[in-house]
Amino acid sequence: MLLVFAGNVAKLLTSSDSARKTRTRAARLREALGVKTEDFSTIRRARNFFEHFDERLDKCIGETGGLVVHRLIDDHEPTSITLDDGQSFTPKFMQLLNTSTWELSLYDEHFSLPDVLRLLQEVQMKVKEVLRKQGVPGYEAVP
C-alpha cells in the first residue's frame, strides 16, 4: 500500500504523460512545494513493476533458468533454496520483502521502504507548510 500511495504522489508531482496540461500541473506543484523530479524516479520504477507485472513475468520466465519465486516475505534474502527432493537452487525473486531491512526486491531491483517513507513525509511536511501559509483552515500555526 505504501508504494501505491507513493506512486500516486509521484504521478501528481511528475509527468510521464506527453500532455502539456499534465506536465504544466506537475511542474507547478513541484515548484510550489520545492521538490525535485528525480526524487521520485525510484518510486516510479517500483510502481511500474506492479503496473506492468505481466511484462516482468514474461521476462523472468523467458530469461531465468532454475527456480523463480513469485513472492516471499522473510527476515533475509535466501541465497539458496532446497526442495523436498534435495535439489538446491539459487532463487530468482519476483517480489521479496526483507522484514529485517524493510527492503523490497522486485525482480533485480531493490527499494528501501524507509527511504520511500521519508520522501513521502518530506512531501507531506511541505504540503502542510504551503497550506498553512495560504491560510487553509486546519493548517494554522500552532501557538
Side-chain angles (χ1 to χ4, degrees), residues 1-83 87-143:
M1 289 309 299
L2 176 66
L3 286 177
V4 169
F5 289 116
N8 288 336
V9 170
K11 282 181 185 179
L12 288 171
L13 297 176
T14 63
S15 174
S16 62
D17 191 344
S18 61
R20 182 176 183 189
K21 183 177 180 180
T22 305
R23 285 193 324 267
T24 303
R25 180 226 350 114
R28 190 173 58 245
L29 284 172
R30 282 193 316 274
E31 184 177 330
L33 297 173
V35 297
K36 296 178 265 180
T37 305
E38 60 271 8
D39 292 344
F40 297 94
S41 62
T42 299
I43 292 170
R44 289 184 80 84
R45 282 195 326 275
R47 179 190 52 119
N48 285 342
F49 179 92
F50 290 108
E51 287 189 7
H52 304 285
F53 183 76
D54 58 330
E55 295 167 15
R56 301 290 178 126
L57 185 60
D58 290 342
K59 179 180 179 182
C60 189
I61 290 172
E63 295 179 0
T64 304
L67 184 65
V68 176
V69 179
H70 169 250
R71 184 179 298 142
L72 180 66
I73 298 173
D74 207 338
D75 64 357
H76 69 287
E77 183 171 349
T79 55
S80 71
I81 293 179
T82 303
L83 302 180
Q87 293 184 73
S88 282
F89 294 95
T90 300
K92 191 76 158 174
F93 295 98
M94 295 293 294
Q95 300 172 16
L96 170 68
L97 176 61
N98 184 328
T99 59
S100 64
T101 62
W102 293 105
E103 182 177 81
L104 180 64
S105 299
L106 302 172
Y107 193 52
D108 283 333
E109 293 195 60
H110 301 275
F111 302 93
S112 167
L113 294 181
D115 289 348
V116 170
L117 182 59
R118 275 190 289 280
L119 177 59
L120 291 178
Q121 288 171 329
E122 288 174 22
V123 171
Q124 182 183 37
M125 286 182 357
K126 290 176 181 183
V127 168
K128 286 180 178 181
E129 178 64 18
V130 168
L131 293 175
R132 185 191 63 74
K133 285 180 180 178
Q134 292 178 353
V136 175
Y139 294 94
E140 300 88 358
V142 178

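Just the heavy atoms: all of them, side chains too, but no hydrogens, waters or symmetry mates, feed the values below. Please read all numbers here as calculations on a predicted model, not as lab measurements. Index from 1, following the sequence.
Annotation for S80 and P91: closest pair CA-CD, 3.8 Å, computed over non-hydrogen atoms. Closest heavy-atom contact between R25 and K11: NH1-O, 3.7 Å. Looking at every heavy atom in both residues, S105 comes nearest to H110 through OG-ND1, 2.6 Å. Closest approach of G7 to R47, counting heavy atoms only: CA-CD, 3.6 Å. In plain terms, the two heavy atoms of D75 and T99 that are nearest each other are CA-OG1, 3.3 Å.
Side-chain atoms of R71 never come within 3.5 Å of backbone atoms of M94 as a donor-acceptor pair (strictly under, hydrogens ignored).
For K126, the NZ atom sits in a packed shell: over 12 heavy atoms of surrounding residues, nucleotides or ligands are nearer than 6.0 Å. By the neighbour-count criterion of 12 heavy atoms within 6.0 Å, atom CD1 of I73 is sparsely surrounded, having that number or fewer from other residues, nucleotides or ligands. Counting non-hydrogen atoms of other residues, nucleotides and ligands closer than 6.0 Å to CD of Q121 gives a total above 12.
By the 4.5 Å heavy-atom criterion applied to side chains, H76 and P78 are counted as neighbours. A 4.5 Å side-chain heavy-atom check between L117 and L113 finds every atom pair outside the cut-off. Side chains of L119 and V35 form no contact here, defined as non-hydrogen atoms less than 4.5 Å apart. Between V116 and L104 there is no side-chain heavy-atom pair separated by less than 4.5 Å. Put simply, the side chain of E109 does not reach to within 4.5 Å of the side chain of F49, judged on heavy atoms. Between F93 and L106, every side-chain heavy-atom pair lies at or beyond the 4.5 Å cut-off. Side chains of L13 and L33 form a contact here, defined as non-hydrogen atoms less than 4.5 Å apart.
Under the 4.0 Å criterion applied to side-chain N and carboxylate O atoms, R132 and E129 are assigned as salt-bridge partners.
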- request: Before giving the answer on side chain to side chain contact (heavy atoms under 4.5 Å, CB included), spell out for R118 and D115 the whole-Å C-alpha distance, their side-chain angles and the decisive distance to 0.1 Å.
  value: CA-CA 5 Å; R118 275 190 289 280; D115 289 348; 2.3 Å; yes

task: Under the side chain to side chain contact (heavy atoms under 4.5 Å, CB included) rule, what do N48 and R45 come out as? Steps first, then yes or no, please.
output: CA-CA 5 Å; N48 285 342; R45 282 195 326 275; 5.6 Å; no

task: Under the side chain to side chain contact (heavy atoms under 4.5 Å, CB included) rule, what do V69 and I81 come out as? Steps first, then yes or no, please.
output: CA-CA 10 Å; V69 179; I81 293 179; 4.0 Å; yes

Side chain to side chain contact (heavy atoms under 4.5 Å, CB included) between T82 and F89, worked out: CA-CA 6 Å; T82 303; F89 294 95; over 6 Å; no

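Taken from NZ in K133 to OH in Y139, the straight-line distance is 15.5 Å, to the nearest 0.5 Å. With rounding to the nearest 0.5 angstrom, the CG atom of L3 is 11.0 Å from the CG atom of N8. Rounding to the nearest 0.5 Å gives a distance of 12.5 Å between CG of L2 and CZ of F111. Expressed to the nearest 0.5 Å, how far CG of L72 lies from CG of L97 amounts to 9.0 Å.
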